[in-house]
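Inspection log for the structure reproduced underneath, given as structure tokens.
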Amino acid sequence: MGKDYYAILGVSRDADEKAIKSAYRKLALKWHPDRNPEGKEMAEEKFKEIAEAYEVLSDSNKRSIYDQYGEEGLKGGIPTSGGGFPGGGAGFQGASFHFSNPEDIFRQFFGTRSPFDSMFNMGGGGFGSDEDTADFGFGGPHASFFKSTQQRGPRKAPDIVQTVMCSLEDLYKGKTKRIKITKQVLNDDGKTTRKESKILTFPIKRGFKKGTKIRFEKEGDQAPNIIPADVVFEIDEMPHDRFKREGNNLIFTAYISLKDALAGGVVDIRTLDDRILKIPVNEIVSPGYTKVVPNEGMPLSKNPEQKGDLIIKFNVQFPRYLSTTQKEQLKQILP
């Protein structure tokens with residue numbers, strides 16, 4: 001039978017996909033060589049076995065072959081009743097299975113080769129509310145840190161970058177963001193760790209733009225011979241139902257009638273701080289025409305009292321029907 005992959009992952013033979021993934025996540029992080037610098041040789045062997053077990057049991061075809069023929073069936077092919085090898089005894093036929101690199105399996109699963117990269121496993125509704133909860137685990141789409149295990153002395157883990165989605169209203173008015181994290185903290189012995197929760201608080205300043213970063217130094221997981229990573233929150237903007245942001249300017253599309261486009265009218269605009277602007281449009285609105293309202297755009301983050309512009313674009317709504325009389329009247333009025 002060879003290796004018992006179910007026992008390696010600590011799951012039952014009828015374990016479903018969710019249980020197998022959960023077991024791999026837990027064990028791969030526990031036995032990752034980067035987390036076991038003092039027992040690296042044993043950790044590498046365990047890490048390899050865990051990856052093998054996950055690769056087989058997470059694939060329905062490989063799992064079916066393994067359940068029927070064991071490890072030998074995977075590595076040597078499906079057994080035959082005779083003639084498979086010289087001597088006429090039972091043998092194996094078919095393509096043999098070659099295991100993937102355990103580092104590659106880890107990278108495909110977690111999005112990184114390192115357990116010290118991004119450590120956010122989101123729970124609940126993400127980062128949309130005033131106080132959001134992030135569970136500091138391991139995994140995330142960042143650069144490889146795996147080969148750095150061969151360096152001497154403490155190593156600084158790469159930045160943990162997490163996107164924080166903000167509404168345009170929040171970026172216009174500003175607010176305070178509170179995010180709860182749970183991370184690994186070294187005990188007094190300097191070897192073992194415990195979980196510890198902490199609230200990270202930072203301002204969303206008026207005028208912050210997409211890509212703005214807020215850094216918390218050394219707030220990542222602690223581990224032996226590791227300088228904790230910096231936690232970096234990167235601002236991103238949610239789409240808005242009325243405005244589009246372009247730098248410090250706001251773009252608004254006004255839908256007006258053909259009558260107002262030709263004879264003038266007033267455009268009502270509700271601002272991001274809930275004021276109503278009544279913008280008179282006295283010019284003829286021709287295709288491509290825009291109207292600029294100074295100082296009604298986004299605040300400048302370095303000087304929030306100054307703002308960009310509000311740029312109004314127009315979408316002229318033509319009538320679906322005109323009577324013969326109306327058409328004749330237009331012919332007489334229009335040049």
Do [X] and [Y] make a side-chain contact, defined as non-hydrogen atoms from C-beta onward lying under 4.5 Å apart?
| X | Y | answer |
| --- | --- | --- |
| K173 | L272 | no |
| W31 | M42 | yes |
| E52 | K48 | yes |
| I204 | F202 | yes |
| Y6 | D67 | yes |
| R206 | E305 | yes |
| Y5 | R63 | no |
| I256 | V281 | no |

Using atom types as modelled and distance alone, determine if a side-chain donor or acceptor of [X] lies under 3.5 Å from a backbone N or O of [Y].
| X | Y | value |
| --- | --- | --- |
| Q222 | L186 | yes |
| N282 | G264 | no |
| S64 | N61 | no |
| N36 | K30 | yes |
| N249 | D309 | yes |
| S167 | D170 | yes |
| D159 | V161 | no |
| D189 | K191 | yes |
| E55 | S100 | yes |
| N295 | K307 | yes |

With a 6.0 Å cut-off (strictly less than), is the heavy-atom count around [atom1] of [X], excluding the residue itself, greater than 12?
| X | atom1 | answer |
| --- | --- | --- |
| E17 | CD | no |
| K291 | NZ | yes |
| E41 | CD | no |
| R242 | CZ | yes |
| D188 | CG | no |

>> Using the rule given for side chain to side chain contact (heavy atoms under 4.5 Å, CB included), can you reason through L250 versus L168, listing the C-alpha separation, both sets of side-chain angles and the distance that settles it, and then say yes or no?
In response: CA-CA 10 Å; L250 288 174; L168 208 51; 3.9 Å; yes
Under 4.5 Å between side-chain heavy atoms, hopping through other hydrophobics if needed: is there a path connecting [X] to [Y]?
| X | Y | value |
| --- | --- | --- |
| I65 | I8 | yes |
| F314 | V293 | yes |
| I284 | V267 | yes |
| F208 | L300 | no |
| Y172 | L277 | yes |

>> Looking at D16 and K18, is there a salt bridge between them, counting it only when a charged N and a carboxylate O are closer than 4.0 Å?
In response: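 Salt bridge: no.
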> Hey, is K198 close enough to E196 for a salt bridge, meaning N to O under 4.0 Å?
Replying inline: no
Quick one: [atom1] on [X] to [atom2] on [Y], what's the gap to the nearest 0.5 Å?
| X | Y | atom1 | atom2 | answer |
| --- | --- | --- | --- | --- |
| T193 | R35 | OG1 | CZ | 6.0 Å |
| I251 | H240 | CD1 | NE2 | 14.0 Å |
| I235 | S301 | CD1 | OG | 11.5 Å |
| M165 | D236 | CE | CG | 4.0 Å |
| Q326 | L322 | CD | CG | 5.0 Å |
| F252 | I312 | CZ | CD1 | 7.5 Å |

> E44 and K40: side chain to side chain contact (heavy atoms under 4.5 Å, CB included), yes or no, with the steps?
Replying inline: CA-CA 6 Å; E44 286 177 344; K40 186 177 179 182; 3.1 Å; yes
>> Working note: N315 + Q317, criterion side chain to side chain contact (heavy atoms under 4.5 Å, CB included); need CA distance, chi angles, decisive distance, verdict.
In response: CA-CA 6 Å; N315 188 319; Q317 307 295 293; 2.8 Å; yes
So which heavy atom on [X] is nearest to which on [Y], and how close?
| X | Y | result |
| --- | --- | --- |
| L258 | P319 | CD2-CD, 3.9 Å |
| A157 | P228 | CB-C, 4.5 Å |
| V11 | A19 | CG1-O, 4.0 Å |
| A51 | I105 | O-CD1, 3.6 Å |

>> Using the side-chain hydrogen bond (donor to acceptor under 3.5 Å, both in side chains) definition, which of the options K209, K244, K210, R245 pairs with E237?
In response: R245
> So, N187 versus T192: side-chain donor-acceptor pair below 3.5 Å or not?
Replying inline: yes
>> For Y66 and L57: C-alpha separation, side-chain torsions, deciding distance, then whether side chain to side chain contact (heavy atoms under 4.5 Å, CB included) applies.
In response: CA-CA 8 Å; Y66 173 75; L57 300 184; 4.3 Å; yes
>> For D230, run the salt bridge (Lys or Arg N to Asp or Glu O under 4.0 Å) check against K156, K218, K213 and tell me which one passes.
In response: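 The passing option is K156.
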